[in-house]
Amino acid sequence: MAAQSFDMIVIGAGPGGYVAAIRGAQLGLKVACIERENLGGICLNWGCIPTKALLRSSEIFHLMERAKDYGLKAGDVGFDLEAVVQRSRGVAKQMEKGVTGLLKKNKVTTVMGEAKLAGKGKVTVKTKDGTEELTAKNIVIATGARARELPGLEADGDLVWTYRHALVPKRMPKKLLVIGSGAIGIEFASFYNTLGAETTVVEVMDRILPVEDAEVSAFAKKQFQKQGMTILEKAGVKQLDRSKGKVTAHIEMGGKVEKHEFDTVISAVGIVGNVEGLGLEEAGVKIDRSHVVVDEYCRTGVDGLYAIGDIAGAPWLAHKASHEGVMVAELIAGEHAHPIKPNTIAGCTYCQPQIASVGLTEAKAKEAGYEVKVGKFPFIGNGKAVALGEPEGLVKTIFDAKTGELLGAHMVGAEVTELIQGYVVGRTLETTEAELIETVFPHPTLSEMMHESVLAAYGRALHI
């Protein structure tokens, strides 16, 4: 069979890959998108979307248990774990169908199979019907990443889980150990803890959520502990002894190792890029610690070869991957493309309470040599937060004292994953405190706390 020829081939149909394919097609390119598993990739099928569906169920369960606080009556509150999981999988399936429709609508050729670079501008794909050869001047690698597994702590799907197992549990954990307190670990800890699992989180760094502002990490830790979680910081799991129905974890803290028994362990210790079997090394692509090395335009240094999304390094976020996909497609089509600025990309964690941030933490700003002005505003001072019954939270903003530039914003509390975009737009527009102070925020809303935090940085807060 003769090779099919395209202007652009995208390997991987996660958020970065399918968006790159669609944008390329919109710009008049003939595009093929290759995927070995599910359209939409990990995010839509085994990550962002199904976890949010699970967390929504646990959030409603939590509110039902608090019905009395709202003057309501709800008897015999419980949950059906199988039904919760089925809803989550249904949401993921719906989103996958949406991606299928979008690719078809934009006339992108979709090929299901395993792709490999086969020379300059060539890709071979092993499909269920055999091997196909595709050619294109430009090839975009968007194969994503998978859970990192540490020696001796490998998942078995029974007692020790990765995020995939945790999304489709065969049983409800009673005593759960979560290794790692990044976004994935904390979200699963929050979900299972809310549903009643006795949950312990182990973090090797000196605080949980180590990439967040220290004040936000400390606030979140107190909230998790109030919810019954055990948080162990500066701690490491050295060994897991598995036996029928239980795991004995050897946890080291302060130079001492103690044994603790659990019935379930979730390992969330980071990710590794899916670089294997693609022929990257043979093509001359540089790989550093399982991630492809790229420049600000996602170019690999090999002519006509790009890498986007998780495989191209931090931050490992779907929205970053999508914008890289747009950028690369526009670059290939000859448009004026804008490189992504990492410090304008928000990070969101959908635990309870939610956590969101953009830009520099207070510590990082000071390390960078800035003289800073810091403003803080508590949820308890906001009428909407109190009316919602969600008075626990904090909004923190950091400004350059000399120029008024908004350097960073950090939040913990109800719906902050939605609020953070206001500060993202502010940073993208290179706003200063003056514009934010002069902006009229609607009342009563949670967003008023964003305004108050800015005011507080300049000694002008009105409600504290």
Side-chain angles (χ1 to χ4, degrees), residues 51-79 84 186-187 190-191 193-196 209 212-213 215-229 346-358 374-397 409-426 436-464:
T51 55
K52 303 314 159 284
L54 291 181
L55 286 158
R56 177 62 169 164
S57 292
S58 68
E59 179 187 15
I60 293 173
F61 176 70
H62 171 70
L63 289 171
M64 289 171 69
E65 287 193 309
R66 293 176 56 203
K68 188 177 178 182
D69 296 345
Y70 296 90
L72 305 174
K73 293 181 180 178
D76 194 26
V77 176
F79 64 88
V84 168
I186 284 296
E187 286 183 358
S190 189
F191 171 73
N193 188 72
T194 299
L195 294 187
L209 298 157
E212 301 294 343
D213 187 87
E215 225 168 331
V216 167
S217 292
F219 189 100
K221 177 184 176 180
K222 286 182 181 177
Q223 295 305 306
F224 297 149
Q225 289 173 327
K226 281 169 76 172
Q227 295 165 16
M229 280 191 212
C348 298
T349 305
Y350 298 80
C351 48
Q352 193 176 327
Q354 293 181 6
I355 295 160
S357 59
V358 66
V374 178
K376 304 171 200 173
F377 192 82
F379 271 49
I380 193 67
N382 176 263
K384 179 68 178 292
V386 175
L388 288 174
E390 302 286 357
E392 300 289 344
L394 174 73
V395 177
K396 179 176 180 177
T397 46
H410 308 273
M411 306 177 175
V412 55
E415 301 305 328
V416 296
T417 57
E418 298 293 337
L419 296 179
I420 194 64
Q421 187 61 15
Y423 287 134
V424 173
V425 172
L436 291 169
I437 286 173
E438 291 168 11
T439 299
V440 179
F441 287 72
H443 173 79
T445 63
L446 297 175
S447 69
E448 289 175 279
M449 293 183 288
M450 298 167 63
H451 192 217
E452 289 279 5
S453 179
V454 175
L455 292 171
Y458 289 83
R460 294 177 54 179
L462 299 170
H463 290 92
I464 49 170

Checklist entry - Which distance, rounded to the nearest 0.5 Å, do you find between the NZ of Lys396 and the OG of Ser357? => result 11.5 Å
Next on the checklist: For the backbone of Gln352 and the side chain of Gln227, can you confirm whether one donor and one acceptor N or O come within less than 3.5 Å of each other?
Outcome noted: yes
Checklist entry - What pair of heavy atoms forms the shortest contact from Gly413 to Phe379, and how long is it? => result CA-CZ, 3.7 Å
Checklist entry - Side-chain contact, heavy-atom cut-off 4.5 Å: Cys351 with Phe224? => result yes
Show me the side-chain donor-acceptor pairs of residues 380-395 shorter than 3.5 Å, one per line, residues at least two apart or across chains.
| residue | atom | partner | partner atom | Å |
| --- | --- | --- | --- | --- |
| Asn382 | OD1 | Lys384 | N | 3.1 |
| Asn382 | OD1 | Ala385 | N | 2.8 |
| Asn382 | ND2 | Thr445 | O | 3.0 |

Donor-acceptor pairs under 3.5 Å, side chain of residues 456-464 to any protein atom, not counting sequence neighbours: which ones?
| residue | atom | partner | partner atom | Å |
| --- | --- | --- | --- | --- |
| His463 | ND1 | Glu452 | OE2 | 2.4 |

Checklist entry - How far does NE2 of His451 sit from CG of Leu455, to the nearest 0.5 angstrom? => result 4.5 Å
Checklist entry - Going from OG1 on Thr397 to NZ on Lys376, what distance comes out if it is rounded to the nearest 0.5 angstrom? => result 10.0 Å
Item to check | Qualifying ring-ring contact (aromatic ring centres under 6.0 Å, His included) pairs with a residue from residues 53-75, counting only residues at least two apart or across chains | outcome: Phe61-Phe79
Checklist outcome for this item: Residues at least two apart in sequence or cross-chain that pass side chain to side chain contact (heavy atoms under 4.5 Å, CB included) with Val425, listed by chain then number, are Gln421, Leu429
Checklist entry - Under the side chain to side chain contact (heavy atoms under 4.5 Å, CB included) test, which residues partner Lys222, sequence neighbours left out? => result none
Checklist entry - More than 12 non-hydrogen atoms from neighbouring residues, nucleotides or ligands closer than 6.0 Å to CD on Gln225, yes or no? => result yes
Next on the checklist: Rounded at 0.5 Å granularity, tell me how far CD in Glu418 sits from OG in Ser447.
Outcome noted: 12.0 Å
Checklist outcome for this item: Tightest non-hydrogen contact, residues Cys348 and Ile420, listed as SG-CG2, 4.1 Å
Checklist entry - What residues form a side chain to side chain contact (heavy atoms under 4.5 Å, CB included) with Glu187, not counting sequence neighbours? => result Thr51, Lys52, Leu55, Thr349, Tyr350
Checklist entry - After noting the C-alpha distance and the side-chain angles of Phe219 and Ile355, does the key distance pass the side chain to side chain contact (heavy atoms under 4.5 Å, CB included) rule? => result CA-CA 10 Å; Phe219 189 100; Ile355 295 160; over 6 Å; no
Checklist entry - With distance as the sole test, does Ser217 use its side chain to make a donor-acceptor pair with the main-chain N or O of Leu209 at under 3.5 Å? => result yes
Checklist entry - Closest heavy-atom contact between Ala67 and Ala74? => result CB-CB, 3.9 Å
Item to check | Nearest atoms (heavy-atom pairs only) where Phe441 meets Leu436 | outcome: CE1-O, 3.9 Å
Checklist entry - So, Glu448 versus His443: side-chain donor-acceptor pair below 3.5 Å or not? => result yes
Next on the checklist: Apply side chain to side chain contact (heavy atoms under 4.5 Å, CB included) to residues Val454 and Tyr423 and explain how you reach the verdict.
Outcome noted: CA-CA 11 Å; Val454 175; Tyr423 287 134; 4.1 Å; yes
Item to check | Minimum side-chain heavy-atom gap Met411-Met449 below 4.5 Å | outcome: no
